[in-house]
S.K.: 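One structure coming up, written as structure tokens, with questions to follow.
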Amino acid sequence: METVSKVEQNFRLTRTHLCGTLVEANVNQEVVLAGWVDTRRDLGGIVFLELRDHKGQIQLVADPDKNPDVHRIFQQVRAEYVIAVKGIVSVRPDGSENTSLKSGAIEIYPSEVEILNESKVLPFPLDKVEEVNEDLRLRYRYLELRQEHKRKHLENRHKVVHAVRNYLSDEGFLEIETPILSKSTPEGARDYLVPSRVHPNNFYALPQSPQIYKQLLMMSGVNRYYQIARCFRDEDLRADRQPEFTQVDIEMSFINQEHVITVTEGLIKKAFAAVGVEVEIPFPRIEYDDAINRFGSDAPDLRFGMELIDFTEFMSKSEFQAFAGVANSGGLVKAINYKGGAKLSRKDFDDLKDFVTTKEMGAKGLAWIAFKDIGEGKFEISSPIAKFFTEEQMQELQAKAEIEPGDALLFVADKAKIVHYVLAKLRIFLAKKDGLIDPKDRKLVWVVNFPMFEYDERSNRYKANHHPFTLPHNQDVDKLETDPAAVKTYAYDIVFNGIELGGGSIRVHNKKVQEKIFKALNIDDETAQERFGFLLEALELGAPPHGGIALGLDRFIMLLSNTDSIRDVIAFPKNQSAFCQLTSAPSSVDQEQLDELYLSLVEPE
RNA sequence: GGAGGCGUAGCUCAGUUGGUUAGAGCACCUGUCUGUCACGCAGGGGGUCGAGGGUUCAAGUCCCUUCGUCUCCGCCA
């Protein structure tokens with residue numbers, strides 16, 4: 001074997017230009033290009049070959065009469081071969097331009113060609129990658145990413161992160177990394193655990209978020225912190241959920257809610273601008289209670305109307321026993337005015353009823369009143385329940401719902417939670433069905449004044465809505481003991497087109513308040529000490545007022561990129577069962593590794 | 001943990017009421033073709049019908065089990 005005695009690169013031709021950037025101005029220049037063979041068109045004599053790099057394509061031509069050596073190589077190369085060529089950029093002959101290609105007016109007759117690598121036939125065609133099974137695409141994610149429009153998402157992501165870093169740095173934030181090997185916290189999501197070799201039978205947990213660390217940084221006097229933070233949660237996945245995901249994590253000292261909101265609005269504006277989208281700030285705000293009452297959701301989609309109308313009181317006095325009963329026993333009766341819904345057939349209404357009464361939706365029924373347009377601004381009522389109402393009541397009902405000819409009212413009566421859940425889903429379903437949503441519309445809104453607790457019916461206790469370190473409104477602190485459900489907080493979510501982009505809060509920096517919250521949550525001193533002792537201790541050692549926010553970066557990019565899967569904006573995502581098709585992780589390990597960690601395995605049942 | 005969809009050639013899919021040798025398009029290979037650009041034309045190779053079991057004279061098709069994958073619920077900020 002020959003030894004290489006001097007430093008030399010393992011290929012001959014070093015590129016001078018990029019395929020996608022060559023234009024007519026480059027004509028007559030000698031260039032060296034390198035990339036992948038995109039397509040090859042062999043006409044018997046002349047051979048055309050499209051060379052592709054990360055910037056685009058350009059046509060290469062080999063003519064057997066002009067350069068038989070190059071022609072011979074062109075006959076031999078196949079799709080996805082990696083080659084380098086040297087040649088002079090020339091104008092294509094009249095009539096042979098390709099207007100659908102950026103470089104369609106020019107081409108290159110290479111004088112030299114170097115095959116840098118061969119390629120087997122790919123497992124799927126790159127030009128129709130959208131149609132290929134996702135598991136196969138993930139297994140060959142690097143091939144899928146050879147498509148420019150697939151890489152575009154990653155480029156968007158880079159641009160947004162770059163803009164975020166610049167903006168926050170300019171605003172005086174320090175980017176600080178926090179531990180990935182962290183402590184398990186039983187609250188919230190399931191932890192990913194990492195066994196310790198040095199501490200037998202003890203485990204680290206991967207952080208669900210850097211929440212506690214960032215608060216401790218405020219107590220360190222950092223003043224303003226941010227991190228593009230990887231977070232881990234061992235829960236079942238969805239199209240918009242991965243086991244590991246990224247948050248833009250922010251925390252600030254000596255601030256109130258307004259400061260956080262202002263900084264975040266500036267950040268979002270810059271992030272949008274980075275991908276060429278203008279948004280106006282400040283964003284509107286809606287109180288949590290209003291969001292629930294008007295839209296049935298704490299993440300309202302404001303791109304269309306169809307707000308919920310409360311008929312609880314109205315129905316409590318009506319003869320319609322089914323609704324009066326619900327209304328008089330603490331439930332709610334609400335409706336949406338479905339514009340144009342009066343033209344629905346009975347079958348259509350039945351279908352809507354089926355939609356809301358599935359097991360997962362949970363409604364018991366769907367009542368409707370159709371106001372059929374009969375011209376001249378008049379309507380005719382058609383409804384299975386109209387007979388229960390007097391003439392006056394019908395008038396009142398129409399006025400309340402601002403009925404116009406052609407409208408239909410859709411009612412749901414049940415416990416508040418179900419009514420809101422069902423009507424929120426129905427509202428979005430109808431808006432999508434009827435195309436009421438302008439896909440280019442972008443509606444950002446702050447949802448503020450979240451309640452401190454949510455009552456968990458299964459475990460029969462209060463749970464922290466946001467997390468237990470959220471600061472209650474001053475005037476509500478006493479209610480922590482007397483009326484926990486009424487306690488409102490300085491917690492806020494930013495919602496984009498009906499999807500929660502992020503959320504945060506002002507934190508408790510006073511130990512007495514913190515203890516009251518733990519008490520309301522039924523967490524005793526001992527448990528609190530065990531889980532958050534280091535934080536409680538820090539609260540007593542000069543903790544400044546502080547607060548922050550975390551924005552889900554992956555979802556943000558997903559929405560900006562107009563895709564509906566989070567996997568599209570992650571370079572190497574995992575599938576729905578948290579399995580990596582590319583590397584086959586997770587996988588079994590050697591007995592030796594287990595022994596070192598004092599682990600033994602149990603077969604699943 | 002639960003519900004639903006899908007699984008047939010390298011890729012995307014068709015395959016009727018269970019019935020002869022399982023097909024198409026693209027891709028691939030060979031030949032042909034000197035201005036194509038999804039080049040064209042002619043020919044060819046390629047199948048564990050996801051896996052296992054069952055019913056039947058006969059199963060891609062019916063039944064059971066199981067695996068993979070996607071969407072959703074539960075779960076998860």
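Excluded from the calculations below are hydrogen atoms, water molecules and symmetry mates; all remaining heavy atoms, backbone and side chain alike, are included. Residue numbers begin at 1 in each chain, while the letters A, B, ... track the order of the sequences.
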S.K.: Along nucleotides 29-34 of chain B, 5' to 3', which nucleotides get a B, which get an S, and which get a -, given that the test is a protein heavy-atom distance under 4.0 Å?
M.R.: SS--BB
S.K.: Just to verify, what does A:Arg303 make a salt bridge (Lys or Arg N to Asp or Glu O under 4.0 Å) with, not counting sequence neighbours?
M.R.: A:Asp301
S.K.: For a quick test of reading the model: is some side-chain N or O of A:Gln576 closer than 4.0 Å to OP1 or OP2 of B:U71?
M.R.: yes
S.K.: Any strand is fair game: report the nucleotide pairing with B:C57 by Watson-Crick or G-U wobble, both distances under 3.5 Å, or none.
M.R.: B:G19
S.K.: Pick the closest RNA chain B nucleotide for A:Glu500 and for A:Ser577 by heavy atoms, then say which residue is nearer the 5' end.
M.R.: A:Ser577
S.K.: Scan A:Gln208 against the nucleic acid and name what it touches under 4.0 Å (heavy atoms): base, sugar-phosphate only, or nothing.
M.R.: sugar-phosphate
S.K.: Would you list the pairs meeting side chain to side chain donor-acceptor pair (under 3.5 Å) in which at least one residue belongs to residues 571-581 of chain A, sequence neighbours left out?
M.R.: A:Glu244-A:Lys574, A:Asn575-A:Ser577
S.K.: Does any N or O donor sit under 3.5 Å from an N or O acceptor when you compare the side chain of A:Asn465 with the base of B:A77?
M.R.: yes
S.K.: Going 5' to 3' through nucleotides 3-15 of chain B, assign each nucleotide B (protein heavy atom under 4.0 Å from a base atom), S (under 4.0 Å only from sugar-phosphate atoms) or - (no protein heavy atom that close).
M.R.: -------SSS---
S.K.: Of all the choices, B:A77, B:C39, B:C70, which nucleotide is nearest to the side chain of A:Gln247 once you look at every atom?
M.R.: B:A77
S.K.: List for me each residue that meets side chain to side chain contact (heavy atoms under 4.5 Å, CB included) alongside A:Asn449, sequence neighbours excluded, and say none if there are none.
M.R.: A:Glu287, A:His473
S.K.: In whole Å, measure the gap between the C1' atoms of B:C37 and B:G46 for me.
M.R.: 29 Å
S.K.: Distance between the P atoms of B:G44 and B:G50, in whole angstroms?
M.R.: 28 Å
S.K.: Where along residues 85-107 of chain A does a heavy atom fall under 4.0 Å from RNA chain B?
M.R.: A:Arg92, A:Pro93, A:Ser96, A:Glu97, A:Asn98, A:Glu107
S.K.: Looking only at side-chain N and O atoms, does A:Arg190 come under 4.0 Å of OP1 or OP2 in B:A77?
M.R.: no
S.K.: Can you list every pair that meets salt bridge (charged side-chain N to carboxylate O under 4.0 Å, His left out) and has a residue in residues 550-562 of chain A, with sequence neighbours left out?
M.R.: A:Arg157-A:Asp554, A:Asp240-A:Arg555
S.K.: Distance between the C1' atoms of B:G47 and B:C28, in whole angstroms?
M.R.: 16 Å
S.K.: When the P atoms of B:U17 and B:G54 are compared, how many Å lie between them, rounded to an integer?
M.R.: 27 Å
S.K.: Nearest heavy atom decides the nucleotide; on that basis, is A:Ala464 or A:Phe579 closer to the 5' end of RNA chain B?
M.R.: A:Phe579
S.K.: I'd like the P distance from B:G25 over to B:A42, given in whole Å.
M.R.: 11 Å
S.K.: Please give the distance between the C1' atoms of B:C11 and B:A27 as a whole number of Å.
M.R.: 7 Å
S.K.: For A:Leu237 and B:G74, give me the distance from atom CG to atom P, rounded to whole Å.
M.R.: 15 Å
S.K.: According to side chain to side chain donor-acceptor pair (under 3.5 Å), who are the partners of A:Arg507, at least two apart in sequence or on a separate chain?
M.R.: A:Glu251, A:His467, A:Ser505
S.K.: What does A:His466 touch in the nucleic acid at a heavy-atom separation under 4.0 angstrom: a base, only the sugar-phosphate, or nothing?
M.R.: base
S.K.: Any donor-acceptor pair, under 3.5 Å, between the side chain of A:Arg238 and the base of B:G74, if you only look at N and O atoms?
M.R.: yes
S.K.: With the side chain of A:Asp236 defined as its heavy atoms from C-beta on, choose the nearest nucleotide among B:C72, B:G74, B:A77.
M.R.: B:G74
S.K.: How many Å lie between CZ on A:Arg241 and C1' on B:C72, as a whole number?
M.R.: 10 Å
S.K.: Is there a Watson-Crick or G-U wobble partner for B:G4 with both distances under 3.5 Å, and if so, which one is it?
M.R.: B:C70
S.K.: Does B:C41 have a Watson-Crick or wobble partner in any strand here, with both distances under 3.5 angstrom, and which is it?
M.R.: B:G31
S.K.: In this structure, how many angstroms lie between the P atom of B:A27 and the CG atom of A:Asp38, rounded?
M.R.: 14 Å
S.K.: For the pair made of CD in A:Glu235 and P in B:C75, what is the distance, rounded to whole Å?
M.R.: 10 Å
S.K.: Tell me, with the steps shown, if A:Thr178 and A:Gln227 meet side chain to side chain donor-acceptor pair (under 3.5 Å).
M.R.: CA-CA 8 Å; A:Thr178 53; A:Gln227 185 178 190; 3.0 Å; yes
S.K.: Without decimals, in angstroms, what is the distance between A:Tyr109 OH and B:U36 P?
M.R.: 12 Å
S.K.: If the P atom of B:G40 is compared with that of B:A3, how far apart are they to the nearest Å?
M.R.: 49 Å
S.K.: Taking only side-chain nitrogens and oxygens of A:Arg41, does any of them come within less than 4.0 Å of OP1 or OP2 of B:C39?
M.R.: yes
S.K.: Return the set of residues passing side chain to side chain donor-acceptor pair (under 3.5 Å) with A:Asp289 (not counting sequence neighbours), or none when no residue passes.
M.R.: A:Lys488
S.K.: Is there any side chain to side chain donor-acceptor pair (under 3.5 Å) pair reaching into residues 88-98 of chain A, and which pairs are they, with sequence neighbours excluded?
M.R.: A:Asn98-A:Ser100
S.K.: Would you check if the side chain of A:Asp434 reaches a backbone N or O of A:Ala431 as a donor-acceptor pair within less than 3.5 Å?
M.R.: no
S.K.: When all nucleic acid strands are considered with a 4.0 Å heavy-atom cut-off, which category describes A:Arg139: base, sugar-phosphate, or nothing?
M.R.: nothing
S.K.: Begin with the C-alpha distance, continue with both residues' side-chain angles, and end with the deciding distance and a verdict on ring pair (Phe, Tyr, Trp, His ring centres under 6.0 Å) for A:Phe532 and A:Phe469.
M.R.: CA-CA 10 Å; A:Phe532 316 109; A:Phe469 318 117; 5.2 Å; yes
S.K.: Sort out the partner of B:C26 for me: Watson-Crick or G-U wobble, both distances under 3.5 Å, none otherwise.
M.R.: B:G10
S.K.: Does the pair A:Glu80/A:Arg52 count as a salt bridge with the N-to-O cut at 4.0 Å?
M.R.: yes
S.K.: Determine, for A:Asp350 against A:Lys353, whether the closest basic-nitrogen to carboxylate-oxygen distance falls under 4.0 angstrom.
M.R.: no
S.K.: Charged N to carboxylate O under 4.0 angstrom, A:Glu454 versus A:Lys463?
M.R.: no
S.K.: Could you please name the option among B:A77, B:U71, B:C75 that lies closest to any side-chain atom of A:Arg233?
M.R.: B:A77
S.K.: Distance check, P atoms only: B:C63 and B:C6, in whole angstrom units.
M.R.: 13 Å
S.K.: Kindly write out the residues that satisfy side chain to side chain donor-acceptor pair (under 3.5 Å) with A:Thr527, not counting sequence neighbours, or none if the list is empty.
M.R.: A:Asp524
S.K.: Please give the nucleotide sitting opposite B:C75 as a Watson-Crick or G-U wobble pair, both distances under 3.5 Å, or none.
M.R.: none
S.K.: Counting only side-chain nitrogens and oxygens, does A:Gln211 get under 4.0 Å of the OP1 or OP2 atom of B:A77?
M.R.: no
S.K.: State the pairing partner of B:G47; accept Watson-Crick or G-U wobble contacts with both distances under 3.5 Å, and report none otherwise.
M.R.: none
S.K.: Got a sec, which residues hit side chain to side chain contact (heavy atoms under 4.5 Å, CB included) with A:Leu559, two or more places apart in sequence or on another chain?
M.R.: A:Phe496, A:Ile499, A:Leu501
